[in-house]
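Lettering follows sequence order; numbering is per chain, from 1.
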Amino acid sequence: MASRGGLTWLMIIVILCNAFAAAAGLALFALAIWVAVDGYKLYPISGVSGKDDIFAGAWIAIFTGFAYFCTCIFGIYAARKQRRSLMLAYLIIMFIIFIFECASCITAATNRDYLVGNSNVVKKQMLQYYAEDSTKGREITKTWNKVMQDVECCGTDSPLDWVEYNSTFRQLYGTTYPWPLNCCKRLSSFEVADSQGCIIGQTSTMFTRGCFTHIESVLSRYTWAVSWYGFSVQMFVFFMLLIAMVYFTQLG
Amino acid sequence: MEVYLVLCFICMLPIPAKSITTVDCKPAINESLAAKITINTVILQQPRCCFDNLTNLPCTSNTCEIWLVPAVDTGLSTFDANKASSAILSLSPYPTAFTGSSPANYFLTKVGLQSDFPCVSPSPGGYFRVGADGACSTTNCNGFLPQGSSPSFKYLLVDSVNKTVLAETKWSDSIALYTLKDPGTLGDGFAGRSGAMVVITTLLSVAAAVLLLFLIVVLALCCCGGKSKGSGSVVGSVMGSFRIPRYDTHHLKDPAPYDNPAYEKERKYTTQDTLPKTKATSAVNPVTQDTIKLQKI
């Protein structure tokens, strides 16, 4: 009967799609671990502001990625066994994981927009918390010192951020230093190359570009890893589940 | 009498003070430095080649001093009115220059000797920072400018012996200092939605809703019984009973397939897997189950 041959073909398609989705889910798992580990050490910038859902989305994606992997292997077994109860269980579990992964993608993209949509949030945080003697202040100071030295930048949009705006740093050190000494170029012995030149702003002794482009690109990179890759996995799983539902209805 | 009158006239004529030469120089900001303007300091270019063309000076380049006048608003005219005075250096001390009910709005501070600023500079990148001394209290110290004001500057050539002004440059353009902004004014509200976020949110929400809908439909169709639409043909062979959907009755002259009304679809008939494997039950080929072949058992 043609229908029996058709059913076999459908079963093969379902099994192949599940194998591919298992691999994609495992890749999502690995990518989300990379985001959660935060190799660029920029977590305090989102943590202090209270909107750290880029990383929360990454944690959810770790679990959903691995769950996709396991459930798709179960789906291969269920499709092979050609039993309705197994396929139904498979469909329901996949749908639940689908919902969670949707939440992860959406929340990561939304929080990225809040944090780095424009430079105001990051600038305000820098002015308020840099050099402040509180837990948040110490975290922000450490993060900014690392960014300024590694990326060779100063301030959010430019060093003039320190000059134009009032800040905790200005209250503490403003009479002597217009900007932190981390804005200055250093010798390989970590001493400041020319502190007088840095204080008056000689461009050869200090960094003159802003750090916001780097911060924005890193947080965007994390977000697109969780959001866009998660979205592509979701789209594939969506069509695979439609095929699986058709297969489910064909089972006796 | 006329001689007496002429003498009186001569006496009354004010003895002209040695006039102050104005050189064609204008102090300017040192544009190459990042901190050229802050809220209370300014970094100017050095006064090179400004006073070098003057002759008949009572002092040499080793004894002539160069001084700076920062002045705000009315201070420009006040200084110009007082500049010929011999006590000009201490007429407006820095601590009271900008305070009080009617401040002078200018002060004088020493930049250096004229020989420190030769026309051809030995090393590039010379600068003079106005406000370098901070909040100081001596008469001619290089203190902070008033925050947010727009001062103008003028270099002076001063005789170190009798402390009078010999020559001056023109007034610079007024340089607006920054006023300190409060970071609370940075609006950290709605920063705009990126296109990516909109796409991801809408497509995923629609996909989740569609999946839920289809899941409910599939469950309703398949698990709640009743007539099912489009469920396709029955899979698996129906064997072991003569419930056959349609069969040929060979006794008729014009045979037409007979639809068996006793045949019910979707009932759980025994399949080939569940029957005991004897020759009798394996006699009917499940592939061609619609045609019955009589065989010897």
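Defined by atom type and a distance below 3.5 Å, a donor-acceptor pair is present between the side-chain atoms of Ser220(A) and Arg112(A). Between the side chains of Tyr90(A) and Asn18(A), a donor-acceptor pair is found at a separation under 3.5 Å. Defined by atom type and a distance below 3.5 Å, a donor-acceptor pair is missing between the side-chain atoms of Thr109(B) and Asn140(B). Between the side chains of Asn30(B) and Ser32(B), at least one donor-acceptor pair of N or O atoms lies under 3.5 Å.
Classification of the Trp224(A)-Trp228(A) ring pair by plane angle, with boundaries at 30° and 60°, yields tilted.
Counting heavy-atom pairs closer than 4.5 Å to chain B, the top-ranked of the candidates Val163(A), Thr223(A), Thr203(A), Ile200(A) is Ile200(A). In terms of non-hydrogen atom pairs under 4.5 Å with chain A, the most contact-rich of Val217(B), Leu211(B), Thr201(B), Ile37(B) is Leu211(B). In terms of heavy-atom pairs under 4.5 Å with chain A, the best-connected choice from Pro183(B), Ala132(B), Ala135(B) is Pro183(B). Between chain B and the options Asn166(A), Val121(A), Thr176(A), Val246(A), the largest number of non-hydrogen pairs under 4.5 Å is found for Asn166(A). Ranked by heavy-atom pairs under 4.5 Å with chain A, the first of Leu203(B), Val199(B), Asp182(B) is Leu203(B).
With a 4.5 angstrom heavy-atom cutoff, Ile43(B) touches chain A only via side-chain atoms. Proximity to chain B (any heavy atom under 4.5 Å) is shown, for Gln128(A), by neither the backbone nor the side chain. Using a 4.5 Å cut-off between heavy atoms, Phe238(A) contacts chain B through both its backbone and its side chain. Only the side chain of Leu127(A) comes within contact range of chain B, with at least one heavy atom under 4.5 Å from a heavy atom of that chain. Residue contact with chain B, scored on non-hydrogen atoms closer than 4.5 Å, involves the side chain of Leu88(A) exclusively. Only the side chain of Phe248(A) comes within less than 4.5 Å of a heavy atom in chain B; its backbone stays farther off.
The ring-ring contact (aromatic ring centres under 6.0 Å, His included) test with Trp162(A) singles out one residue from Trp144(A), Tyr173(A), Tyr130(A), and that residue is Tyr130(A).
Sulfur-sulfur distance for Cys198(A) and Cys184(A): below 2.5 Å, consistent with a disulfide.
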